[in-house]
Amino acid sequence: MMKLGFNEATCLRNSSLEKDLVLAERFGYDYIEIRLDMLQTWLQEHTLVELADIFSVSHLKPWGYNSLEDITFCDAGRWSEIRQQLVLACYAGEVVGGDCLVVVPTIREGAHFSDRDTVRDSVKRLREMSALAAESQMRLAFEPIGSAGCCVRSLAMAMEIVDAVDRSNVGLAIDAFNLYLYDQWQDLSTLRQVPVEKIFVYHIDDADRLPVAVLDHCHRLFPGNGAIPLYMITHELVKKGYTGICSLELFNPGYWQMAASEVFAIGAEKTRPFLAD
């Protein structure tokens, strides 16, 4: 059975890490994905040891960290920033817990990336990051993004890259909304071919029934409220033997206007039916 997870993007504008910890515990979430920016805000007034102490007496546990973005086709300055953020995530994992970091390929509106260059650069960067992360036993979950400007949009290309990287600590983040943006989940055969040990996290989210040309991340909905065939997707994951986290990740500004407690409550209620298919 999958575990109930919460990604902090879901209450990005109406909560904080401190508040998210309380609410996730109250509503029975098993794991939380800690956003790096919210962690940095926490560290302005608290320490990693204090965070570890909270988890030590809670049912809630840290799954990992989210996210390192624009990791491909970056210049030296951006690569230096990425390395610094990776070091922070790895150190937090050592002190607080949580052994996975979501990493995201580059998105540039209007840019054109050839498949060959994209695979080559992604493999290069992920291998470098993998070597650094391995020192702290941190895993990297590479997430294809369905948005038109992303250099890695499809699950097939993401898996090709992960296969070429060939490191045990590099796998995939399967995000229902991102892959719906790419091809509306018209074909589940690629998901069936992904080894279960390479699926590090499943992000669950639904989508407004809008034309794909106008659909964007702000149109993410609670599971079961939209157009994504979530029961089919989760059924495939269950058949594969996936028992990791099913983590709610929404970027809906409307939900950011609600009380955070209401979002946590509804999110738990809407996600639980999918945990065991």
Side-chain angles (χ1 to χ4, degrees), residues 7-9 12 17 32-52 62-109 111 113-114 116-145 147 149-153 157-175 178 198-201 203 247 249:
N7 183 298
E8 287 198 283
L12 180 61
L17 176 53
I32 188 168
E33 287 185 74
I34 300 172
R35 279 185 62 95
L36 289 176
D37 53 356
M38 296 177 84
L39 177 62
Q40 290 169 329
T41 300
W42 164 274
L43 290 173
Q44 293 175 9
E45 298 183 1
H46 304 280
T47 67
L48 290 176
V49 172
E50 289 177 76
L51 188 54
W63 171 83
Y65 304 86
N66 192 302
S67 60
L68 264 183
E69 301 175 0
D70 295 330
I71 69 163
T72 45
F73 301 111
C74 50
D75 59 22
R78 175 57 188 155
W79 185 241
S80 177
E81 293 174 358
I82 288 171
R83 288 174 61 92
Q84 291 174 17
Q85 290 178 298
L86 177 57
V87 168
L88 170 62
C90 289
Y91 182 58
E94 292 175 351
V95 176
V96 177
D99 71 345
C100 200
L101 171 65
V102 175
V103 296
V104 178
T106 292
I107 302 173
R108 291 181 192 158
E109 293 300 329
F113 306 98
S114 73
R116 180 179 178 182
D117 288 344
T118 295
V119 171
R120 181 172 56 203
D121 193 74
S122 298
V123 170
K124 172 186 174 183
R125 293 307 188 185
L126 284 169
R127 281 182 175 168
E128 292 178 38
M129 295 174 69
S130 169
L132 289 171
E135 298 174 8
S136 303
Q137 298 184 325
M138 182 68 72
R139 298 177 297 151
L140 304 175
F142 188 55
E143 181 174 5
I145 304 296
S147 303
C150 186
C151 61
V152 182
R153 300 183 63 207
M157 177 178 279
M159 193 63 229
E160 178 185 353
I161 290 166
V162 168
D163 279 343
V165 172
D166 193 24
R167 299 289 186 270
S168 62
N169 67 337
V170 177
L172 293 169
I174 304 293
D175 185 292
N178 272 317
K198 284 299 183 181
I199 302 175
F200 289 176
V201 59
H203 287 160
S247 188
E249 185 185 44

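Along the sequence shown, residues are numbered consecutively beginning with 1.
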Determine all donor-acceptor pairs shorter than 3.5 Å in which one atom belongs to a side chain in residues 84-94; sequence neighbours excluded.
{"from": "Glu94", "atom 1": "OE2", "to": "Ser136", "atom 2": "OG", "distance (Å)": "2.7"}

Side chain to side chain contact (heavy atoms under 4.5 Å, CB included) filter on Gln137, not counting sequence neighbours, yields none
Taking only residues two or more places apart in sequence or in another chain, which ones pass side chain to side chain contact (heavy atoms under 4.5 Å, CB included) with Arg127?
-> Val123, Val165, Arg167
With sequence neighbours left out, write down each residue that passes side chain to side chain donor-acceptor pair (under 3.5 Å) with Ser122, or none if nothing qualifies.
-> none
Excluding sequence neighbours, so at least two apart, what forms side chain to side chain donor-acceptor pair (under 3.5 Å) with Asp175?
-> His203, Arg220
Could you pull out all residues at least two apart from Asp117 that satisfy salt bridge (Lys or Arg N to Asp or Glu O under 4.0 Å)?
-> Arg120
Listed partners of Ser147 passing side chain to side chain donor-acceptor pair (under 3.5 Å), at least two apart = His217
Partners passing salt bridge (Lys or Arg N to Asp or Glu O under 4.0 Å) against Glu50 (at least two apart in sequence or in another chain) = none
By side chain to side chain contact (heavy atoms under 4.5 Å, CB included) - contacts of Glu160 (at least two apart) | Val119
Mind checking the CD1-CG spacing from Ile82 to Leu132? Nearest 0.5 Å is all I need.
-> 11.5 Å
With sequence neighbours excluded, tell me which residues meet side chain to side chain donor-acceptor pair (under 3.5 Å) with Thr118.
-> none
Not counting sequence neighbours, which residues clear salt bridge (Lys or Arg N to Asp or Glu O under 4.0 Å) with Asp37? List them please.
-> Arg35
Sequence neighbours excluded, which residues qualify as salt bridge (Lys or Arg N to Asp or Glu O under 4.0 Å) partners of Asp121?
-> none
